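The next block holds one structure in the form of structure tokens; read it before the comments.
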Amino acid sequence: MAHLPSELVSHQQKVCRLYKRAVRCVEDWYHNTHDRRYEIALLRERFDKNKDIKDLRYAKYLLEEGEKEYSSLIHYQPITFAESLTGGAYNRECYIPDWTLDYWHPLEKAMYPKYFARREQMKDEYEKWYFKTYPEMKNNKSH
């Protein structure tokens, strides 16, 4: 489902968003750093040339023309960030629950003695807190 904007977007924000998309488009087409920087500088010059226009109708017309030009220049295979919604590593971070550390071999635990000593202390403190908060669960405790 597409994101539905909940507030009004000003003309300035629309121009900034178009500029950012245009910069990303330039990055898709030019892979050499010096070529990319040169094209981005030219793009910025085009945007800066029209930044002081007071006539809102003309500014809106320029924005629409910029959107048309942008949509005609979109790369057929744009670069995506790995962690972005369309990236290859999206949602790959795996959650490893804390209880898995209880199943480490004693030799593995011996490599991190301070950590596991503190962890055992925190587990004891949590257990005391839990049974103090929920005394009815003490009878159901199974070891």
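Just so it is clear, the values below take in all heavy atoms, side chains as well, and ignore hydrogens, waters and symmetry mates. No experiment lies behind these values; they were computed from the predicted model shown.
Distance alone, capped at 3.5 Å, is enough to place a donor-acceptor pair between the Gln13 side chain and the Ser10 backbone. In this structure, Asp28 contributes its side chain and Ile79 its backbone to a donor-acceptor pair below 3.5 Å.
Ile40 is listed as a side-chain neighbour of Tyr19, based on a closest heavy-atom distance under 4.5 Å. Looking only at side-chain heavy atoms (C-beta outward), Ile74 and Arg21 stay at 4.5 Å or farther from each other. Side-chain contact between Glu64 and Glu67: absent, with no pair of heavy atoms (C-beta onward) separated by less than 4.5 Å. Considering only heavy atoms from C-beta on, Arg119 comes within 4.5 Å of Asp98 through its side chain. Within the 4.5 Å cutoff, side-chain heavy atoms of Cys25 are placed close to those of Tyr70. At a threshold of 4.5 Å between non-hydrogen side-chain atoms, the residues Tyr115 and Leu101 count as touching. With contacts defined as side-chain heavy-atom distances shorter than 4.5 Å, the pair Thr133/Trp129 qualifies. Tyr130 is listed as a side-chain neighbour of Met137, based on a closest heavy-atom distance under 4.5 Å.
Going from atom OG of Ser72 over to atom NZ of Lys68 covers 10.5 Å, rounded to the nearest 0.5 Å. To the nearest 0.5 Å, the span separating CD1 on Ile53 from OH on Tyr58 amounts to 5.0 Å. The OG1 atom of Thr86 sits 11.5 Å away from the CD atom of Glu83 when rounded to the nearest 0.5 Å.
In terms of hydrophobic clustering, with Ile, Leu, Val, Met, Phe, Trp and Tyr side chains grouped at heavy-atom distances under 4.5 Å, Val26 and Val15 are assigned to a common cluster. Side-chain heavy atoms closer than 4.5 Å link hydrophobic residues (I, L, V, M, F, W, Y) into clusters, and following such links, even through other members, never connects Leu107 to Tyr112. Linking Ile, Leu, Val, Met, Phe, Trp and Tyr whenever their side-chain heavy atoms come within less than 4.5 Å leaves Leu18 and Val9 in two separate clusters.
Closest approach of Tyr30 and Asp35 over heavy atoms only: CD2-CB, 4.0 Å. For Trp104 against Lys109, the heavy-atom pair with the smallest separation is O-CE, 3.7 Å. Closest of all the heavy-atom pairs between Leu63 and Lys14 is CD2-CB, 3.7 Å. Taking each heavy atom of Trp29 and Leu73 in turn, the nearest pair found is NE1-O, 2.8 Å. Considering every non-hydrogen atom in both Asp102 and Lys123, the closest pair reads OD1-NZ, 2.9 Å.
Taking 4.0 Å as the cut-off between side-chain N and carboxylate O, Arg36 and Glu39 do not count as a salt-bridged pair. Between Glu27 and Arg37, no side-chain nitrogen of the basic residue sits less than 4.0 Å from a carboxylate oxygen of the acidic one, so the salt-bridge criterion is not met.
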